[in-house]
Asks: 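A single structure is presented below for examination.
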Amino acid sequence: MATSSAASVDLEDIQTVDLMSELLRRMKCASKPDKRLVFIGPPGSGKGTQSPVIKDEFCLCHLSTGDMLRAAVAAKSPLGVKAKEAMDKGELVSDDLVVGIMDEAMNRPKCQKGFILDGFPRTVTQAEKLDEMLHRRGAQIDKVLNFAIDDSVLEERITGRWIHPSSGRSYHTKFAPPKVPGVDDLTGEPLIQRKDDNADVLRSRLDAFHKQTQPVIDYYAKKGNLVNIPAEKAPEEVTKVVKKVVST
């Protein structure tokens, strides 16, 4: 009874317009098919741009391993406590723990229609453990979207990025240049480049990505659910391709 009363009080504190918006969203989502997706791609390939669009379009939840671990630790769930113990010792959180936390996350109402996995699995072992966990749920990964893009295109994208530190406004020397080079359009303050937005750091990250992730791409290709996305296209064109792939 106490739980029901607490939930009632919580709902009473929520604005009517917010309740109605959520109710309408859930009614719209009820007719959507279930989708379980994995997004794979190197840094700068556009996964982060496409994930929220597809999440909203298909009523999915976006599951990032980092976010899930932090949430489990904050909630002090049994798995979260174990994860915190490992992190406090400077150890990597085991694959079994990560998959367990992911299993918990999938019970949330917002994940009822499925999910987008971003940043996981990174190894074939993780992919196998994920398949085992989903099999126990009577489910499987529907599509793995590989955001394929040439390293030289990524280098141009990333090394041309400039940021206004205090506001977070971003520019690009080629695709979205400021009115005055090196200066924020609104404040006239200087722009900066992030430390990891340089060619040497990017090449190192890309080398690590290709070595670690190619076996995962091969794993899903053999299973027949891998789709290569032409990620070098403009974001709106990529969105059209991704929506079509996810819809079929």
Asks: Just do the side-chain hydrogen bond (donor to acceptor under 3.5 Å, both in side chains) check on Y171 and D184 with the steps written out, would you?
Replies: CA-CA 9 Å; Y171 299 86; D184 179 54; 2.6 Å; yes
Asks: For E189, look at atom CD and say whether over 12 heavy atoms of other residues, nucleotides or ligands are found less than 6.0 Å away.
Replies: yes
Asks: Heavy-atom count around K143 NZ within 6.0 Å, excluding the residue itself: above 12?
Replies: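 It does: K143 NZ has more than 12 such atoms within range.
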Asks: At what distance, to the nearest 0.5 angstrom, does CG of L117 lie from CD1 of I40?
Replies: 10.0 Å
Asks: Between K233 and V241, is there a donor-acceptor pair closer than 3.5 Å when you use the side chain of the first and the backbone of the second?
Replies: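 The answer is no, because no donor-acceptor pair under 3.5 Å joins these two groups.
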Asks: Under a 3.5 Å distance rule, please check whether K32 uses its side chain to pair with a backbone N or O of E57 as donor and acceptor.
Replies: yes
Asks: Distance from R203 atom CZ to E155 atom CD, nearest 0.5 Å?
Replies: 4.5 Å
Asks: If I take atom CG from residue N107 and atom CD from residue Q112, how far apart are they, to the nearest 0.5 angstrom?
Replies: 11.0 Å
Asks: Could you report the tightest heavy-atom contact between P190 and P165, atom names first, then the distance?
Replies: O-CD, 3.9 Å
Asks: Donor-acceptor check, side chain of K47 to backbone of D118, threshold 3.5 angstrom: yes or no?
Replies: no
Asks: What verdict does the side-chain contact (heavy atoms from CB on, under 4.5 Å) test give for E132 and H135, after you've listed the backbone C-alpha separation in whole Å, the side-chain angles of each residue and the deciding distance to 0.1 Å?
Replies: CA-CA 5 Å; E132 290 167 9; H135 181 71; 5.6 Å; no
Asks: A side-chain contact here means heavy atoms from C-beta on lying under 4.5 Å apart; do V183 and W162 qualify?
Replies: no
Asks: Cluster question for you: counting only ILVMFWY and a side-chain heavy-atom cut-off of under 4.5 Å, with indirect links fine, are L37 and V238 together?
Replies: yes
Asks: Run the side-chain contact (heavy atoms from CB on, under 4.5 Å) check on C111 and L63 step by step: do they pass?
Replies: CA-CA 9 Å; C111 296; L63 297 179; 4.1 Å; yes
Asks: Quick check: closest heavy atoms across P43 and I158, and the distance to 0.1 Å?
Replies: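 Reported closest heavy-atom pair: O-CD1, 3.5 Å.
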Asks: Side chains of Q126 and V98: closer than 4.5 Å at any heavy-atom pair?
Replies: no
Asks: For Q15, is the CD atom crowded, meaning more than 12 foreign heavy atoms sit under 6.0 Å from it?
Replies: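 No, not enclosed.
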Asks: Between Y219 and E128, is a side-chain contact (heavy atoms from CB on, under 4.5 Å) present by the stated rule, with each step listed?
Replies: CA-CA 9 Å; Y219 172 82; E128 291 170 343; 3.8 Å; yes
Asks: Is a side-chain N or O of Q193 found less than 3.5 angstrom from the main chain of T159, in a donor-acceptor match?
Replies: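 Between the backbone of T159 and the side chain of Q193 there is a qualifying donor-acceptor contact (under 3.5 Å).
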Asks: Taking all atoms of both residues into account, what is the closest heavy-atom pair of K195 and V201, and its distance?
Replies: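 In terms of heavy atoms, the two residues are closest at O-CG2, 4.1 Å.
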Asks: Given 3.5 Å as the limit, does a donor-acceptor pair link the side chain of S45 with the main chain of P42, or not?
Replies: yes
Asks: What I'd like to find out is whether the side chain of V38 reaches to under 4.5 Å of the side chain of P121, using heavy atoms alone.
Replies: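 A side-chain contact under 4.5 Å exists here.
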Asks: Is a side-chain donor or acceptor of R122 paired with a backbone partner of Q212 at a separation under 3.5 angstrom?
Replies: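 Not confirmed, R122 side chain does not pair with Q212 backbone.
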Asks: A side-chain contact here means heavy atoms from C-beta on lying under 4.5 Å apart; do Q50 and F147 qualify?
Replies: yes
Asks: Got a second to check how far K244's NZ is from K240's NZ, nearest 0.5 Å?
Replies: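 Those atoms lie 11.5 Å apart.
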Asks: Side chains of L191 and I163: does their closest heavy-atom pair fall under 4.5 Å?
Replies: no
Asks: Indicate yes or no for a side-chain donor-acceptor contact from S31 to the backbone of K28 under 3.5 Å, with no hydrogens or angles considered.
Replies: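 Yes; at least one donor-acceptor contact below 3.5 Å.
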Asks: Are side-chain heavy atoms of D200 and L202 found at a separation under 4.5 Å?
Replies: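 Answer no - side chains too far apart.
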Asks: Find the distance between CG (L145) and CG (N225) and round it off to the nearest 0.5 Å.
Replies: 10.0 Å
Asks: Where do D103 and R137 land on the salt bridge (charged side-chain N to carboxylate O under 4.0 Å, His left out) test, with the steps shown first?
Replies: CA-CA 9 Å; D103 194 13; R137 286 176 163 267; 2.6 Å; yes
Asks: What is the minimum heavy-atom distance between I101 and M68, and which atoms define it?
Replies: CG2-O, 3.8 Å
Asks: Any side-chain heavy atom of M133 sitting closer than 4.5 Å to one from L130?
Replies: yes
Asks: For L24, does the CG atom sit with more than 12 other heavy atoms under 6.0 Å from it, leaving out its own atoms?
Replies: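 Result for CG/L24: enclosed.
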Asks: Do any N or O atoms from the side chain of S94 and from the backbone of L97 form a donor-acceptor pair under 3.5 angstrom?
Replies: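 Between the backbone of L97 and the side chain of S94 there is a qualifying donor-acceptor contact (under 3.5 Å).
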Asks: Is the number of heavy atoms from other residues, nucleotides or ligands within 6.0 Å of CZ (R169) greater than 12?
Replies: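 Counting other residues, nucleotides and ligands, CZ of R169 exceeds 12 neighbours.
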Asks: Please step through side-chain contact (heavy atoms from CB on, under 4.5 Å) for the pair V246 and V242, ending with a clear verdict.
Replies: CA-CA 6 Å; V246 174; V242 173; 4.1 Å; yes
Asks: Are M102 and L60 in one and the same hydrophobic cluster, where Ile, Leu, Val, Met, Phe, Trp and Tyr link if side-chain heavy atoms are under 4.5 Å apart?
Replies: no
Asks: Between K113 (side chain) and A30 (backbone), is there a donor-acceptor pair under 3.5 Å?
Replies: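 Yes; at least one donor-acceptor contact below 3.5 Å.
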Asks: If two hydrophobic side chains count as joined below 4.5 Å and joins carry through other members, does F209 share a cluster with V124?
Replies: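 F209 clusters together with V124.
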Asks: Is any side-chain heavy atom of F115 less than 4.5 Å from a side-chain heavy atom of M106?
Replies: yes
Asks: I'd like to know if the side chain of H172 reaches the main chain of E156, judged simply by a donor and an acceptor atom lying under 3.5 Å from each other, with no hydrogens or angles considered.
Replies: yes
Asks: Nearest 0.5 Å, what's the CD-CG distance between Q140 and D142?
Replies: 6.5 Å
Asks: Could you give me the CA-CA distance, side-chain angles and deciding distance for H164 and D185, then say whether side-chain hydrogen bond (donor to acceptor under 3.5 Å, both in side chains) is met?
Replies: CA-CA 9 Å; H164 178 237; D185 287 351; over 6 Å; no
Asks: I need the minimum non-hydrogen distance between L69 and A83, along with the two atoms involved.
Replies: CD2-CB, 4.1 Å
Asks: R161 vs D197, test: salt bridge (charged side-chain N to carboxylate O under 4.0 Å, His left out). Steps then yes/no.
Replies: CA-CA 7 Å; R161 292 195 299 205; D197 281 355; 3.0 Å; yes
Asks: Does a side-chain N-to-carboxylate-O contact under 4.0 Å join D131 and K129?
Replies: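 Salt bridge flag = no for K129 with D131.
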Asks: R36 and G114: which non-hydrogen atoms are nearest, and at how many Å?
Replies: CG-CA, 4.5 Å
Asks: Any chain of hydrophobic side-chain contacts (each under 4.5 Å) joining L134 to L226?
Replies: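 Yes, one cluster joins them.
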Asks: When hydrophobic residues are tied together by side-chain contacts of less than 4.5 Å, even through go-betweens, does V227 share a cluster with V144?
Replies: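 V227 and V144: separate clusters.
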